[in-house]
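First up is the structure itself, then whatever we jot down about it.
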Amino acid sequence: MIKKQILDILKRENDVVSGETLCAAAGVSRVSIWKHIQKLKAHGYDIESSPKGYRLGRKTDALLPWEFPGREASIHCFEAVSSTMDIAREMARNGCPAFTTVIAERQEKGRGRLTRRWFSEKGGLYFTVVLRPRLPLASVFKMNFLASTVLAEILRNDLGVDARVKWPNDILIGEKKVCGMLSEMEAEGEMASFVNIGIGLNVNNDPPSTESKAVSIKMLLGRPIPRKSILQTFLDTLEKRIFDDDYHDIISEWKRKTITINRRVEVVTHRETASGLAVDIDDTGALMLRLDDGSLKRIVFGDCFLVGNP
Ligand code: BTN
């Protein structure tokens, strides 16, 4: 793997390395080295070029497989894709192992919930992880709640931001959305054969100005944030919790981190829009809404918008 060879040399030397040295080590032409360097830059490597050669800078935030020791075979990183969901679905159907992760620097047709588009410009963290929990279909919802709870906790602990979950699976900081999740599953009989969780986290990207309720972590903290450690901690924690079967009480845990309960909300479903006070999330992950006429409505699937101030 020529890119890995180039990187190993740049890391080892920790100084400027001439193009000739890299050509000799990798056994390819200078043009080829230059092309590989451009690709590495596009993947987040901070490589300075000068007439003397190349040097690896300190601002590197790359997500290529070899940056995740132990996961080299299961991480698939692309510069640009249509949607990581499509690639992960094919891999899952073809029998890839659990925790196979498809990452993209950019998505051209990033998908959001309820057929919305997900803007996926450079700098964000966009990935889909393939899960294969041994769960009956009725319990699959726990995977979504587990993923959002784990990620919100990582943002709180590692970055010190006040990240909260919003029904069903968004993460907000303050009142603004920093992360969305989309899940897809297929089943064999009563059991899930795979559950793919797609996550779009606004890290160093600027969400489009049309998305006034979106924010990135960089915008909030005023500095670029490494994506790699967020992803690594997320995959490690998720894997451990699934392996340990440590998610069956996930709804209670999620409720302790939510912004949704006790807020007035508007919920858009395929069929209708309902407004009321969000009073609870039941044991199946459904939202319990107190409508203005006093009745309770149970909503299984929809998009929820906070209305008014906290
Ligand atoms: C939403 O809030 O509407 C869900 C957004 C999910 C976006 C992620 S980005 C990675 C994965 N690939 C996609 O096309 N969508 C999900």
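None of these values were measured; they are calculated from a predicted model. Just follow the structure's listing: the first ligand is 1, and inside any ligand the first atom is 1.
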Q | Salt-bridge contact Glu105-Lys39 (side-chain N to carboxylate O under 4.0 Å) | A | no
Q: Verify whether one side chain among Ser18 and Thr21 offers a donor that lies under 3.5 Å from an acceptor in the other.
A: yes
Q | Exercise: do Tyr54 and Glu13 side chains pair donor with acceptor under 3.5 Å | A | no
Q. Is Leu114 touching ligand 1 with its side chain, its backbone, both, or neither, if touching means heavy atoms under 4.0 Å apart?
A. neither
Q: Considering only NZ, NE, NH1 and NH2 on the basic side and carboxylate oxygens on the acidic side, decide whether Glu72 and Lys4 come within less than 4.0 Å.
A: no
Q: Looking only at distances, please establish whether an N/O atom of ligand 1 is found under 3.5 Å from an N/O atom of Tyr126.
A: no
Q) Using 4.0 Å as the upper bound for N to carboxylate O, is an ion pair formed by Asp246 and Lys240? A) no
Q. Starting from atom 5 (C) of ligand 1, which protein heavy atom do you reach first, and at what distance in Å?
A. Trp118 CE3, 3.3 Å
**Q.** Under 4.0 Å to a heavy atom of Ser83 - the qualifying atoms of ligand 1, by number
**A.** 12 (N), 13 (C), 14 (O)
Q) Counting from 1, what ligand 1 atoms have a heavy atom of Gly110 closer than 4.0 Å? A) 14 (O)
Q: Would you mind running through ligand 1 and noting each atom that sits below 4.0 Å from a heavy atom of Arg113?
A: 1 (C), 3 (O), 4 (C)
Q. What atoms in ligand 1 come closer than 4.0 Å to a heavy atom of Gly112?
A. 1 (C), 3 (O), 4 (C), 5 (C)
Q) In terms of atom number and element, which parts of ligand 1 are under 4.0 angstrom from non-hydrogen atoms of Ile199? A) 8 (C), 9 (S), 10 (C)
Q. For Asp61, which of Lys228, Lys218, Arg227, Lys41 qualifies under salt bridge (charged side-chain N to carboxylate O under 4.0 Å, His left out)?
A. Arg227
(Q) Closer than 4.0 angstrom, basic N to acidic O: yes or no for Arg71 and Asp236? (A) yes
Q: Enumerate the atoms of ligand 1 whose separation from the nearest heavy atom of Phe127 is less than 4.0 angstrom.
A: 10 (C)
Q. Counting heavy atoms only, which of Gln107, Arg111, Lys109 comes nearest to atom 6 (C) of ligand 1?
A. Arg111
Q: Just need the protein heavy atom nearest to atom 2 (O) of ligand 1, so name the residue and atom and give the distance.
A: Lys177 NZ, 2.6 Å
Q) With under 30° as parallel and over 60° as perpendicular, where do the rings of Phe127 and Phe234 fit, or are they tilted in between? A) perpendicular
(Q) Taking the basic N atoms (NZ, or NE/NH1/NH2) and the acidic carboxylate oxygens, is any pair closer than 4.0 Å for Arg256 and Glu253? (A) no
Q. Is it the side chain (CB and beyond), the backbone, both or neither of Arg116 that lies under 4.0 Å from ligand 1, heavy atoms counted?
A. side chain
Q: For Asp170, take its heavy atoms, then give the atoms of ligand 1 lying under 4.0 Å from any of them.
A: 2 (O)
Q) When you measure from atom 11 (C) of ligand 1 to every protein heavy atom, which one gives the shortest distance, and what is it? A) Thr84 OG1, 3.2 Å
